[in-house]
Amino acid sequence: METVAVIDFETTGLSPALGDRATEIAAVLVQDGQIVDRYESLMNAGVYVSPFIESLTGISNAMVRRAPPAAQVMEAVADFVGDHPLVAHNASFDCRFWDAELQRIDRRRSRAFACSMRLARRLLPRAPSHKLGALAEYADLPATGRHHRALADAELSAHLLLHIEAVIRRRFRIREVSHALLCEIQCAPQRGLDRCVKNLRGGAET
DNA sequence: TGCCAGGCCCTCTTTAGGGCCTT
């Protein structure tokens, strides 16, 4: 598959529309079945980190105050990601913050997000939960560090993506799993998924 | 004062409601 960028945000809350801001971003590049590069940074958006969020993420107000400005970090991570297609776990969340933080520096997203959670719901329906941590345990993914820190979660999402790609190759007898195919599968109906993927591939098998 | 998201997905649905998932 072409190189993809798996990203993860830590934030002050759930909605940029309500004033929540990013406190940390990580992006890892996945190429030829492995992580080949990493970017990680705390960022200072001048916002208050609540005790709940500090307890959840381990990111304190002092850590954010010492971090580089959010605009500087977003410029750097946007350059790092470049034009690679994007992946995130529950991508609707990260996509909202990605777009909102980019808009603040007058930049725009150029590629679509694929969502490892939506893919897991279709391809790993027997998992007891589709939370990132639960899927890591279910699929026996390698440990990557403290849950709810950006780099650890981005790397874990990358390992989950590689696991999902292996499931797709095995189940649908596909040699190369493109980002475009991931986007098609995540939008396909759960029932009739096999028929849908076969139609996408024109019925050709490797 | 109290409350505040948003998209997906399933079902006891479709003129709706509630759980899941992200921080």
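Within every chain, numbering begins at 1; the chains are lettered A, B, ... in the order of the sequence lines, protein sequences first and strands thereafter.
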Looking only at atom types and distance, does a side-chain atom of A:E10 sit under 3.5 Å from a main-chain N or O of A:I59, one as donor and one as acceptor? no
Judged by each residue's nearest nucleotide on DNA chain B, which is more toward the 5′ side, A:A188 or A:T23? A:A188
A:R126 versus A:Y138: any side-chain heavy-atom pair under 4.5 Å? yes
From CD1 of A:I7 across to C1' of B:dT22 the rounded distance in Å is 12 Å
Taking C-beta and beyond as the side chain, do A:L119 and A:V167 meet within less than 4.5 Å on heavy atoms? no
Take the protein atom CZ of A:R118 and the nucleotide atom P of B:dG6, then report the distance between them rounded to whole Å. 17 Å
Test your reading of the model: is there a side-chain donor-acceptor pair from A:D20 to the backbone of A:S15, 3.5 Å cut-off? yes
For a 4.5 angstrom cut-off between non-hydrogen side-chain atoms, does A:C187 reach A:R118? yes
With the side chain counted from C-beta on, respond yes when A:L193 and A:R171 share a heavy-atom pair under 4.5 Å apart, and no when they do not. yes
Hey, can you pull the residues of residues 54-67 of chain A with a non-hydrogen atom under 4.0 angstrom from DNA chain B? A:L56, A:T57
Distance, C1' atom - from B:dG6 to B:dT23, rounded to whole angstrom: 13 Å
With rounding to the closest Å, how many angstrom separate the P atoms on B:dG19 and B:dC12? 14 Å
What is the separation between atom CD on A:Q186 and atom C1' on B:dC21, rounded to the nearest whole Å? 14 Å
The side chain of A:A17 is closest to which nucleotide in this list: B:dC4, B:dT23, B:dG6? B:dG6
Examine distances only and state if a side-chain atom of A:R169 and a backbone atom of A:I174 form a donor-acceptor pair shorter than 3.5 Å. no
In whole angstrom, what separates A:N90's CG from B:dC21's P? 9 Å
N/O donor to acceptor pairs below 3.5 angstrom from side-chain atoms of residues 142-151 of chain A, sequence neighbours left out:
{"unit_1": "A:T144", "atom_1": "OG1", "unit_2": "A:A152", "atom_2": "O", "d": "2.8"}
{"unit_1": "A:R146", "atom_1": "NH1", "unit_2": "A:L56", "atom_2": "O", "d": "3.2"}
{"unit_1": "A:R146", "atom_1": "NH1", "unit_2": "A:T57", "atom_2": "O", "d": "3.2"}
{"unit_1": "A:H147", "atom_1": "ND1", "unit_2": "A:D153", "atom_2": "OD1", "d": "2.9"}
{"unit_1": "A:R149", "atom_1": "NE", "unit_2": "A:E24", "atom_2": "OE1", "d": "2.9"}
{"unit_1": "A:R149", "atom_1": "NE", "unit_2": "A:E24", "atom_2": "OE2", "d": "3.3"}
{"unit_1": "A:R149", "atom_1": "NH2", "unit_2": "A:E24", "atom_2": "OE2", "d": "2.7"}

Quiz: residues 25-47 of chain A side-chain donor-acceptor pairs under 3.5 angstrom, not counting sequence neighbours:
{"unit_1": "A:Q31", "atom_1": "NE2", "unit_2": "A:T3", "atom_2": "OG1", "d": "3.1"}
{"unit_1": "A:R38", "atom_1": "NE", "unit_2": "A:E155", "atom_2": "OE2", "d": "2.5"}
{"unit_1": "A:N44", "atom_1": "OD1", "unit_2": "A:G46", "atom_2": "N", "d": "2.8"}

Hey, is the side chain of A:R122 poking within less than 4.0 Å of OP1 or OP2 on B:dC9, counting only N and O atoms? yes
Below 4.5 Å, heavy atoms only, C-beta onward: do A:L141 and A:L135 meet side chain to side chain? no
Give me the distance, rounded to whole Å, that separates B:dG17 from B:dT13 when you measure between the C1' atoms they each carry. 9 Å
Donor-acceptor check, side chain of A:E165 to backbone of A:V177, threshold 3.5 angstrom: yes or no? no
Within residues 137-163 of chain A, residues whose heavy atoms come under 4.0 Å of DNA chain B: A:H148, A:D153
Stems field, DNA chain B, Watson-Crick or wobble, 3.5 Å, at least 3 pairs, by first number, holds B:5-11 with B:16-22
Rounded to the nearest angstrom, tell me the gap between atom CD in A:E24 and atom P in B:dT22. 16 Å
Answer yes when A:R107 and A:D79 have at least one side-chain N-carboxylate O distance shorter than 4.0 Å, and no when they do not. yes
Report the distance from atom CZ of A:F52 to atom P of B:dC4, rounded to the nearest whole Å. 15 Å
Assign A:F9 to base, sugar-phosphate, or nothing according to its heavy-atom contacts below 4.0 angstrom with the strands shown. sugar-phosphate
Quick note, A:R96 side chain, CB onward, closest among B:dG6, B:dC4, B:dC21 is B:dG6
C1'-based separation of B:dC9 from B:dT14 [nearest Å]: 14 Å
So do A:W98 and A:L86 actually touch side chain to side chain, heavy atoms under 4.5 Å? yes
What does A:D20 touch in the nucleic acid at a heavy-atom separation under 4.0 angstrom: a base, only the sugar-phosphate, or nothing? nothing
Within this structure, what is the CD1-to-P distance between A:I53 and B:dT22, rounded to whole angstrom? 13 Å
Are there any protein N/O atoms within less than 3.5 Å of an N/O atom in nucleotides 16-20 of chain B, and if so, which ones and at what distance?
none

Measure from CH2 on A:W98 to P on B:dT23 and round the result to the nearest Å. 16 Å
